[in-house]
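Only heavy atoms go into these numbers, but all of them, side chains included; no hydrogens, no water, no symmetry mates. Every chain is numbered from 1, with letters handed out A, B, ... down the list of sequences.
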There are 2 protein chains.
Amino acid sequence: MATKRAQKMEETRAKLIRAAREAFATKGYAAASMDELTAEAGLTRGALYHNFGGKQGLMQAVVDQIDQEMVERMLAAQARAASRWEGLLEEGVAYIEMALEPEVQRIMLLDGPAVLGDPSQWPNQNACLLRTTQTIQALIDEGTVKPVDAEAAARLINGAALNAALWIAAAEEPHAVLPKAVEAFRQLATGLLKAEG
Amino acid sequence: MATKRAQKMEETRAKLIRAAREAFATKGYAAASMDELTAEAGLTRGALYHNFGGKQGLMQAVVDQIDQEMVERMLAAQARAASRWEGLLEEGVAYIEMALEPEVQRIMLLDGPAVLGDPSQWPNQNACLLRTTQTIQALIDEGTVKPVDAEAAARLINGAALNAALWIAAAEEPHAVLPKAVEAFRQLATGLLKAEG
DNA sequence: CAATACACATACGCTGCGTATGTGAAATTT
DNA sequence: AAATTTCACATACGCAGCGTATGTGTATTG
């Protein structure tokens, strides 16, 4: 059976992660005090060190959680698309849209890389990128896409989406520039296509 | 005349910026101690606060300096190219190559955004982006590029280059993936062209 | 040459992280 | 089921590092 202690511990971890998401998103990683953060969750720094090893470990846990949510949403976006090619585009668009959320922007795009290092090394980010790479490889195999290096193409596509996301998030009128970014993204992506449609 | 005091102050600023570039690049912003940093330059934290207002102000100065150097190199790369379109590509390639340098990667791509906020808001980055935007607009006007939003296209192009740079920098064999990234970048960029070459 | 300004050094306090140690409740043992 | 052990978390301590307030010597000004 799942012991009572294990259950309790999961609750504790969840509480800390929830408080950390809030604090990191609003104040930023550096300015977020662990005393305040844990107190907000009704705990102390003791619990934090026991469960996550330190401030950085907590950040890692937060990033992993958000990363997983993002991958799920990208998968859903791809699944809704008509063709494999459209799926790739929809995935990128979903990524762009997610960066409209301050939490994603601050934690995943700004502080995360600084604290944990290059995002392309994160486990989930790798999974997501791997899938994109496979999709592109499949598109190459079926003759839709030019024979470029699939991983390189996947990284550039993701990078373009990421920058579009940052642009939108920093804009005065995010929802005004969103369609422009999406359109440019789709146009740019066609550079990978073998023949113009 | 330029007073002796003003000269001395410039030297002091230069010494501090030089020491900070070194410290920020190797240890990272957060782990860089201002006491160590200033001692390395033969000064104390007093000089730092007087000249830059604080740790963040010093970071800003370092970023501005590197940013300016990067813009100059991109301009040089563009100037070497045969056509306006090739100039755009060469600029992106130059950007990718610069991120091979640990100093650029750590300070400009990782810590900079976390400390100072979104790079697209930095003064020099804006200047660079503005130029790219103008180049693309010119390419649209001359009929080389599809009629997309020039700023959006510029941001995506830069974003793709940036991500390629990060990929290369994080790779085990940077110089092995560089050509793949450059090739994919050029292919992707052709998505903006009106007709296939 | 006296007076002032100012660039930088020195000294202090406070915040915040990490660790070592304590504690009470759940789990295990016999 | 009573004693013992485990362990999740709290408490307490020490230290590093930032920001500020204040001191000092040299360059500038009248």
Side-chain angles (χ1 to χ4, degrees), chain A residues 1-63 107 111-112 114-117, chain B residues 1-63 107 111-112 114-117:
Chain A
M1 78 173 190
T3 71
K4 280 187 182 177
R5 287 175 91 132
Q7 288 179 40
K8 200 88 197 293
M9 211 169 165
E10 270 314 302
E11 279 177 38
T12 299
R13 289 174 61 90
K15 275 192 231 170
L16 287 173
I17 291 178
R18 201 178 321 132
R21 277 180 76 146
E22 169 72 17
F24 290 162
T26 55
K27 306 182 167 188
Y29 177 81
S33 160
M34 293 172 68
D35 281 321
E36 288 180 19
L37 196 163
T38 51
E40 193 73 25
L43 296 161
T44 68
R45 282 201 348 269
L48 205 162
Y49 277 88
H50 191 72
N51 280 284
F52 298 100
K55 192 179 190 180
Q56 193 167 325
L58 182 59
M59 181 62 158
Q60 181 76 61
V62 168
V63 161
I107 297 178
D111 289 340
V115 176
L116 305 174
Chain B
M1 77 174 190
T3 71
K4 281 187 182 178
R5 288 176 91 131
Q7 287 177 42
K8 201 86 196 296
M9 210 167 165
E10 270 315 301
E11 279 178 38
T12 299
R13 290 174 61 91
K15 275 193 233 171
L16 287 173
I17 290 178
R18 202 177 322 133
R21 278 181 74 146
E22 169 72 16
F24 290 162
T26 54
K27 306 183 168 188
Y29 177 81
S33 159
M34 293 170 69
D35 281 323
E36 288 180 21
L37 196 161
T38 50
E40 194 73 25
L43 297 160
T44 67
R45 285 203 344 271
L48 205 163
Y49 277 88
H50 190 72
N51 280 285
F52 299 101
K55 193 178 190 181
Q56 194 166 325
L58 182 58
M59 180 62 158
Q60 181 76 62
V62 168
V63 162
I107 297 178
D111 289 340
V115 176
L116 305 173

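- In this structure, A:Lys27 contributes its side chain and A:Ser33 its backbone to no donor-acceptor pair below 3.5 Å.
- A sub-4.0 Å separation between OP1 or OP2 of C:dC8 and a side-chain N or O of B:Asn51 is present.
- Rounded to the nearest 0.5 angstrom, B:Arg18 CZ and B:Glu11 CD are separated by 9.5 Å.
- No donor-acceptor pair closer than 3.5 Å links the side chain of A:Arg45 to the backbone N or O of A:Met34.
- Of the side-chain N and O atoms in B:Thr12, none sit less than 4.0 angstrom from OP1 or OP2 of C:dA7.
- Spacing between atom CZ of A:Arg45 and atom P of C:dT21 amounts to 17 Å, rounded to whole angstrom units.
- The CD1 atom of A:Ile107 lies 6.5 Å from the CZ atom of A:Arg21; values are rounded to the nearest 0.5 Å.
- Spacing between atom NE2 of B:His50 and atom C1' of D:dT26 amounts to 13 Å, rounded to whole angstrom units.
- Across all strands, A:Ala32 comes closer than 4.0 Å only to sugar-phosphate atoms, never to a base (heavy-atom distances).
- Comparing A:Gly53 and A:Glu36 by the nucleotide of DNA chain C that holds the closest heavy atom to each, the one mapping nearer the 5' end is A:Glu36.
- Across the protein-nucleic acid pair, B:Tyr49 atom OH and C:dA11 atom P stand 18 Å apart, rounded to whole Å.
- Checking D:dG19, C:dC17, D:dA8 against the side-chain heavy atoms of A:Met34 singles out C:dC17 as nearest.
- The CG-C1' distance, from B:Leu43 to C:dA9, rounds to 10 Å in whole Å.
- When rounded to the nearest whole Å, the span between CG of B:Leu58 and C1' of D:dC18 equals 13 Å.
- Counting to the nearest Å, the P atom of C:dT15 and the CG atom of A:Leu37 are 18 Å from each other.
- Taking atom NZ of A:Lys8 as the reference point, atom C1' of D:dT6 lies 16 Å away to the nearest angstrom.
- Spacing between atom CG of A:Leu48 and atom P of C:dC17 amounts to 9 Å, rounded to whole angstrom units.
- Residues A:Leu37 and A:Leu58 form a side-chain contact, since some pair of their non-hydrogen atoms from C-beta on lies under 4.5 Å apart.
- Dashed line: the shortest gap from a side-chain N or O of B:Ser33 to OP1 or OP2 of D:dA16 is not under 4.0 Å.
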